[in-house]
Amino acid sequence: MHRHVLATLALLYGAVLPAGAAEFIPGWNSEVVWNSNVLSLESGAESDFSFRNGPVLRFLEPQGDFTYDVNYRLTYEAFTRLNGINEFDQYFNAQSAWRVTPTTTLSLSDDFAYTSSLNAIFQQIGTGVTEVSVVSPTRERITVNSGRVGVTHRLGPLWQLSVSGDNQYYNYQNDLESDSLSTTGSVQLTRGFSPRLVAGGGARIQRQEFAEAGAIPDRGTTFYQGFGVLQYAISPTLSFVAQGGPAYAVPDQPEAISVQPAAAYVRVVPSTCKLKGPDGRPVFRPTTKDRFGGCTP
């Protein structure tokens, strides 16, 4: 999985800014955040305030056949009480659209983040006679990149055909975490029934791969889906969109894993991971911050 370079970012936006063509908008972002459970512990939760500050750089070209909007944000988060977890995060977002013909538009977008997730490390300190559990706060570095390319073509005054490809990559510095790569291709055909109502359907194929992490080997799953879509414009700036349909999943090794969507990532849960409790019986005990539901020996 580590061989996958974040090429989408470089290829799509390496030359997106012609000299002198963009409007440059510098800025500064400041936030005050209060978290009631900073380390997401099941017990012994610690609350704290943090301050997030950093510059925001934006390049914008909103007019013409080729438009783009590029943003870069650097943020430093500092906590008032907890020590050793202050850190810099970086975010990059870019969107562009090229009207190739009056009826055909090519769009590109990319979201990149080099950020961190707060974690807790449990350590046993003692001589063997008396041991004390100590919770040490730490940050886990995460690299995320999501790229998309799409083509929209109008087939007439009412019909529209859209074809798109998406690529999402998660990389964790911790070797116990499973890196993931998701690639999706979709096609959609819609018809306008009124100035407010648009409906149609389409098909999608998605491939998800997970790199080896700890005792979990490489895994992958392919999804096939058909869907219907309904969009209703409530106002010029507010729309209701619904999409749904049947899906079929084909994991590489269905007896070893189950795949479940969870927020912005996919959880891989080993089906045979067991630990021994104090009485010698096998028990399943996920770690507090294992976002993939894995076990720690």
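Since the model is a prediction, treat every value here as computed from it, not as a measurement.
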Walk me through whether Asn145 and Asp110 qualify under side chain to side chain donor-acceptor pair (under 3.5 Å).
CA-CA 7 Å; Asn145 191 78; Asp110 195 87; 3.3 Å; yes
Any side-chain heavy atom of Phe223 within less than 4.5 Å of one from Gln208?
yes
A cation-pi test, strictly: NZ or CZ of Arg204 under 6.0 Å from the centre of the six-membered ring of Phe227 and no more than 45 degrees from its axis. Yes or no?
yes
To the nearest 0.5 Å, what is the distance between NE2 on His153 and OG on Ser162?
11.0 Å
Output the distance between atom OG (Ser182) and atom OH (Tyr169), rounded to the nearest 0.5 Å.
13.5 Å
Would you say Phe240 and Leu197 are hydrophobically clustered, going by side-chain heavy atoms of ILVMFWY under 4.5 Å?
yes
Asp69 (side chain) donor-acceptor with Leu60 (main chain) under 3.5 angstrom:
no
Looking at Ser178 and Ala211, would you say the former's side chain and the latter's main chain have a donor-acceptor pair under 3.5 Å?
yes
Hey, what do you get for OG1 (Thr67) to CD (Glu61), rounding to the nearest 0.5 Å?
8.0 Å
Inter-residue atom distance Asn93.CG - Asn71.CG, 0.5 Å rounding
5.5 Å
Sequence neighbours left out, what pairs pass salt bridge (Lys or Arg N to Asp or Glu O under 4.0 Å) with at least one residue falling in residues 152-173?
Arg148-Asp166
Arg196 to Ser235 - nearest heavy-atom pair and separation
NH1-N, 4.2 Å
Do Trp34 and Val32 belong to the same hydrophobic cluster, where Ile, Leu, Val, Met, Phe, Trp and Tyr are linked whenever their side-chain heavy atoms lie under 4.5 Å apart, directly or via other members?
yes
Got a salt bridge between Arg81 and Glu46, using NZ or NE/NH1/NH2 to carboxylate O under 4.0 Å?
yes
Asn86 side chain to Phe79 main-chain N or O, any donor-acceptor pair under 3.5 Å?
yes
Donor-acceptor pair between Ser146 and Gln168 side chains, under 3.5 angstrom:
yes
Between Ala94 and Val70, the two heavy atoms sitting closest are CB-CG2, 4.0 Å
Using a distance-only test with no angle check, is there a side-chain donor-acceptor pair under 3.5 angstrom linking Thr222 and Arg207?
yes
Linked, directly or transitively: Tyr232 and Val229 (ILVMFWY side chains, under 4.5 Å):
no
Would Tyr68 and Phe66 count as a close aromatic pair, with their ring centres under 6.0 Å?
yes
Rounded distance (nearest 0.5 Å) linking atom CG of Asn167 with atom CG of Leu181
5.0 Å
Lys NZ or Arg CZ of Arg73 over Tyr91 ring: under 6.0 Å, within 45°:
yes
Please confirm whether the ring centroid of Tyr76 lies under 6.0 Å from the ring centroid of Phe88.
yes
Among side-chain atoms of Ser186 and Ser164, is any donor-acceptor pair under 3.5 angstrom?
yes
Determine, using the 4.5 Å side-chain heavy-atom cutoff (strictly less than), whether Ile25 and Trp28 are members of one ILVMFWY cluster.
no
Does one hydrophobic cluster hold both Phe92 and Val149, with members joined at side-chain heavy-atom distances below 4.5 Å?
yes
Is there a side-chain contact (heavy atoms from CB on, under 4.5 Å) between Phe51 and Thr80 once you walk through the steps?
CA-CA 8 Å; Phe51 296 89; Thr80 59; 3.4 Å; yes
Taking side chain as C-beta onward, heavy atoms only, is Thr104 less than 4.5 Å from Val151?
yes
Heavy-atom pair of closest approach, residues Val38 and Ile85:
CG1-CD1, 4.4 Å
Does the side chain of Ser50 come under 3.5 Å of the side chain of Asn35 through a donor N or O and an acceptor N or O?
no
Below 4.5 Å, heavy atoms only, C-beta onward: do Tyr114 and Ile142 meet side chain to side chain?
no
Provide the closest heavy-atom pair for Ala249 versus Thr221 in the form atom of the first, atom of the second, distance.
CB-CG2, 4.2 Å
Taking side chain as C-beta onward, heavy atoms only, is Asp252 less than 4.5 Å from Arg219?
no
Go through Val33 and Arg52 one step at a time and tell me if the side-chain contact (heavy atoms from CB on, under 4.5 Å) criterion holds.
CA-CA 8 Å; Val33 180; Arg52 298 175 181 175; 4.0 Å; yes
Does the pair Leu155 and Gln160 meet the rule for a side-chain contact (heavy atoms from CB on, under 4.5 Å), with working shown?
CA-CA 6 Å; Leu155 302 175; Gln160 180 172 283; over 6 Å; no
Arg191: partners by side-chain contact (heavy atoms from CB on, under 4.5 Å), with sequence neighbours left out:
Leu158, Trp159, Phe193
I want to check a possible cation-pi pair here: Arg141 against Tyr172, using under 6.0 Å from ring centre and within 45° of the ring axis as the test.
no
Pairing donors with acceptors under 3.5 angstrom, does anything connect the side chains of Gln206 and Thr183?
no
Measuring from Thr75:OG1 to Glu87:CD, what's the distance to the nearest 0.5 Å?
11.5 Å
State whether a side-chain donor-acceptor pair under 3.5 Å links Asn53 with Ser30.
yes
